[in-house]
Amino acid sequence: MAILTGSCRLGLWHVHVAWQDDLVYRVRFSREGIAGPVPDAILRYCAGRPADLSTLRSVATEGETTFAKIYRAVREIPCGETRTYGEVARMVGTAPRAVGAAMARNPTPIVVPCHRVVAKTGMGGFSPDIEIKEALLAMERRGDVCTPEKGGVNR
DNA sequence: GCCACGCTATCTG
DNA sequence: CAGATAGCGTGGC
């Protein structure tokens with residue numbers, strides 16, 4: 001069974017995903033879309049519909065390296081909330097700068113929600129475009145995507 | 001090996 | 001308030 005690749009639309013961008021079953025190998029943003037499937041949770045997320053990204057795993061969180069620990073900590077940030085690089089660093093017992101480096105090299109944004117990690121003063125960075133980070137945070141703060149799927153509380 | 005990073009606390013004018 | 005300085009962990013060269 002080969003690794004699947006596909007993309008879905010997110011505003012002006014396309015989210016490319018390389019994955020297999022519940023394991024995501026690589027996510028990246030591009031101006032161009034490609035044909036192929038993406039995991040249901042990501043599809044829903046990009047559409048701004050209720051999505052549970054915790055059903056997916058990322059290769060980035062495998063292992064006991066410092067980066068893997070950082071990625072696991074970042075995955076625990078609740079949808080709609082943010083943490084600073086420094087807070088994440090203290091969570092895993094490392095330095096803020098290491099967190100910045102880990103985010104910059106995050107192979108699976110969205111699955112590992114690096115957009116929820118912001119600088120102490122301001123936004124911090126995001127590649128390829130800070131605009132994506134702002135859009136994702138705005139969407140999560142709006143709340144729809146965070147709503148549990150089984151028609152629940154919904155504030 | 002060395003170096004550039006999506007940072008931050010602290011110190012110095 | 002602006003600039004310098006030190007400290008982290010990795011991938012790339």
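Keep in mind the model is a prediction, meaning the values are calculated, not measured. So that the names make sense, note that chain A is the first sequence line, chain B the second, and so on, each numbered from 1.
A/Ala119 comes within 4.0 angstrom of the backbone, heavy atoms only, and of no base. Using a 4.0 Å heavy-atom criterion, one finds that A/Gly86 contacts the sugar-phosphate atoms exclusively. Residue contacts shown for A/Tyr85 include a base, since a base heavy atom lies under 4.0 Å away. Nucleic acid contact for A/Ala95: sugar-phosphate only, since backbone atoms but no base atoms lie under 4.0 Å from a heavy atom of the residue. The residue A/Val99 sits apart from the nucleic acid: no heavy atom pair falls under 4.0 Å.
Between the C1' atom of C/dT10 and the OH atom of A/Tyr71 lies a distance of 9 Å, rounded to the nearest Å. The CG-P distance, from A/Asp129 to B/dG6, rounds to 14 Å in whole Å. We find that NZ of A/Lys120 is positioned 7 Å from P of B/dT8, with the value rounded to whole Å. Atom CZ in A/Arg90 sits roughly 15 Å away from atom C1' in C/dG7 (whole-Å rounding). In this structure, A/His115 atom NE2 and B/dG6 atom P are separated by 18 Å, rounded to whole Å. Across the protein-nucleic acid pair, A/Met103 atom CE and C/dT10 atom P stand 12 Å apart, rounded to whole Å. Here C/dC8 presents its P atom at 13 Å from CD1 of A/Ile70, a figure rounded to the nearest Å. A/Ile132 has its CD1 atom 13 Å from the C1' atom of B/dG6, to the nearest Å.
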Inset, instruction - List the steps and the verdict of salt bridge (charged side-chain N to carboxylate O under 4.0 Å, His left out) for A/Arg72 and A/Glu64. - result: CA-CA 10 Å; A/Arg72 283 196 288 271; A/Glu64 287 307 313; 3.4 Å; yes
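Taking atom P on both C/dC13 and B/dG6, the two are 15 Å apart, rounded to the nearest angstrom.
Checking the phosphate oxygens (OP1, OP2) of C/dT10, a side-chain nitrogen or oxygen of A/Thr66 falls inside 4.0 Å.
When the nucleotides B/dG6, C/dG9, B/dC7 are ranked by their closest atom to the side chain of A/Pro96, B/dC7 comes out on top.
The partner of C/dA4 is B/dT10, by the rule that a Watson-Crick or G-U pair needs both atom distances under 3.5 Å.
Taking 4.0 Å as the cut-off between side-chain N and carboxylate O, A/Lys120 and A/Glu87 do not count as a salt-bridged pair. Taking a cutoff of 4.0 Å between a charged side-chain nitrogen and a carboxylate oxygen, A/Arg83 and A/Glu76 do not qualify as a salt bridge.
Heavy-atom nearest nucleotides on DNA chain C were determined for A/Arg97 and for A/Ala68, and the one closer to the 5' end corresponds to A/Arg97.
The number of heavy-atom neighbours closer than 6.0 Å to CD of A/Glu62, taken from other residues, nucleotides and ligands shown, is above 12.
A/Cys79 has its SG atom within less than 2.5 Å of the SG atom of A/Cys146.
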